[in-house]
Amino acid sequence: GMAGAAGPWLLLSVLLGPALAAAEPELRLRPPAESPVRLFTEPELARYDGQQEGQPIYLAVKGVVFDVTSGKEFYGKGAPYNALVGKDATRGVAKMSLDPADLIHDITGLTEEELQSLDDIFNNVYKAKYPIVGYTSRRILNEDGSPNLDFKPEDQPHFNIKDEF
C-alpha cells in the first residue's frame with residue numbers, strides 16, 4: 001500500500017523541506033498552460049471502476065472525470081456508491097439515484113430542482129474534494145468526433161480535500 005512509499009518521501013521532505021517549500025507555491029498555483037487534457041472514452045473510464053485493488057477509482061459528472069480514490073470507503077468495491085464509478089453517472093447524481101437506468105450522462109427531462117441539485121453536488125462535493133483527471137470524449141468532442149471549440153477545462157479554485165460530510 002501507500003505506507004511503504006511514505007517512508008523515504010518523509011525523509012526527503014525533512015531534508016529538502018525549505019527548498020520544497022520555496023518551490024511549492026509555484027508548482028501548485030501555475031499548472032503549465034500547455035498541460036494536455038486527458039480524454040476518456042467509455043471503455044477507458046470503465047477500467048477505473050474500483051474493482052481492482054490498488055487501481056485508482058474514477059467517476060465522471062457532467063463529462064468531468066474525478067479521481068475519487070481518496071473516498072474509496074464510499075466508491076470502492078462493495079461500497080455504497082460504487083455503482084457511480086467507472087462511468088459518467090450525471091443523471092444518477094442529479095436524481096440521487098443508483099438505479100442502473102439513471103447511471104448515464106443524459107440529463108434530458110430532469111426537473112429544475114434536480115438540475116440545481118446536480119450543480120450543487122458537482123461544485124460543492126466533487127470539484128471541492130476530488131482532483132480532476134480529465135474529461136469524457138463526449139465533453140471534449142462533437143458528435144462527429146471533431147474537437148469541440150467551446151470546450152474549456154474546469155477550474156478548481158476552491159479545491160480542498162475535505163472529509164465526506
| query | Between CD of Glu53 and NZ of Lys72, what distance do you get to the nearest 0.5 Å? | reply | 6.5 Å
| note | Of all heavy-atom pairs linking Leu141 and Pro147, the shortest is CD2-CA, 4.0 Å
| query | For Asp88 and Gly63, which heavy atoms make the closest approach, and how far apart are they? | reply | OD2-N, 2.9 Å
| said: Please determine whether side chain to side chain contact (heavy atoms under 4.5 Å, CB included) holds for the pair Val37 and Phe151, giving the CA-CA distance in whole Å, both sets of side-chain angles, and the decisive distance to 0.1 Å. | reply: CA-CA 11 Å; Val37 163; Phe151 169 78; 4.1 Å; yes
| Within-4.5 Å side-chain heavy-atom neighbours: Val61 and Leu118 | yes
| said: I'd like to know if Ile57 and Val133 are part of one continuous hydrophobic network [Ile/Leu/Val/Met/Phe/Trp/Tyr, side-chain heavy atoms within less than 4.5 Å]. | reply: no
| query | With a 4.5 Å limit on heavy-atom distance, are the side chains of Tyr75 and Phe66 in contact? | reply | no
| field | Shared hydrophobic cluster for Val65 and Ile140 (ILVMFWY, side-chain gaps under 4.5 Å) | value | no
| note | Rounded to the nearest 0.5 Å, the CD atom of Glu42 sits from the NE2 atom of His105 at a distance of 8.0 Å
| query | With no hydrogens and no angle check, is any side-chain donor or acceptor of Gln156 less than 3.5 Å from a backbone partner on Ile132? | reply | yes
| message | According to a hydrophobic-cluster definition based on side-chain heavy atoms being under 4.5 Å apart (Ile, Leu, Val, Met, Phe, Trp, Tyr only), do Leu39 and Leu45 belong together? | response | no
| field | Any Val85 side-chain heavy atom under 4.5 Å of Leu59 side chain | value | yes
| note | Nearest heavy-atom contact between Leu98 and Pro80 is CD1-O, 3.5 Å
| task | Could you tell me whether the side chain of Asp67 and the main chain of Thr69 form a donor-acceptor pair under 3.5 Å? | result | yes
| message | Any heavy-atom pair between the side chains of Lys62 and Ile107 that's under 4.5 Å? | response | no
| Which pair of heavy atoms, one from Ser117 and one from Ala94, lies closest together, and at what distance? | OG-O, 3.9 Å
| query | Taking atom types as modelled, is there a side-chain donor on Asn82 or Gln51 under 3.5 Å from an acceptor on the other? | reply | yes
| task | Examine Leu84 and Ile121 and state if one hydrophobic cluster contains both, with Ile, Leu, Val, Met, Phe, Trp and Tyr joined whenever side-chain heavy atoms are less than 4.5 Å apart. | result | yes
| message | So which atom in Phe40 and which in Glu44 form the shortest heavy-atom distance, rounded to 0.1 Å? | response | CA-OE1, 3.6 Å
| How about Tyr58 and Tyr48: are their ring centres within less than 6.0 Å of each other? | yes
| Arg91 side-chain N/O to Asp102 backbone N/O, donor-acceptor pair under 3.5 Å | no
| field | Over all atoms of both residues, closest heavy-atom pair of Ala60 and Thr136 | value | CB-CG2, 3.9 Å
| query | Can you hop from Leu103 to Met96 via hydrophobic side chains spaced under 4.5 Å? | reply | yes
| task | Would you mind checking if Lys87 and Asp49 are paired as a salt bridge, meaning a charged N to carboxylate O distance below 4.0 Å? | result | no
| Going from CD on Glu114 to OG1 on Thr111, what distance comes out if it is rounded to the nearest 0.5 angstrom? | 3.5 Å
| task | Please examine the side chains of Phe122 and Lys127, heavy atoms only from C-beta on, and report whether any two atoms are closer than 4.5 Å. | result | yes
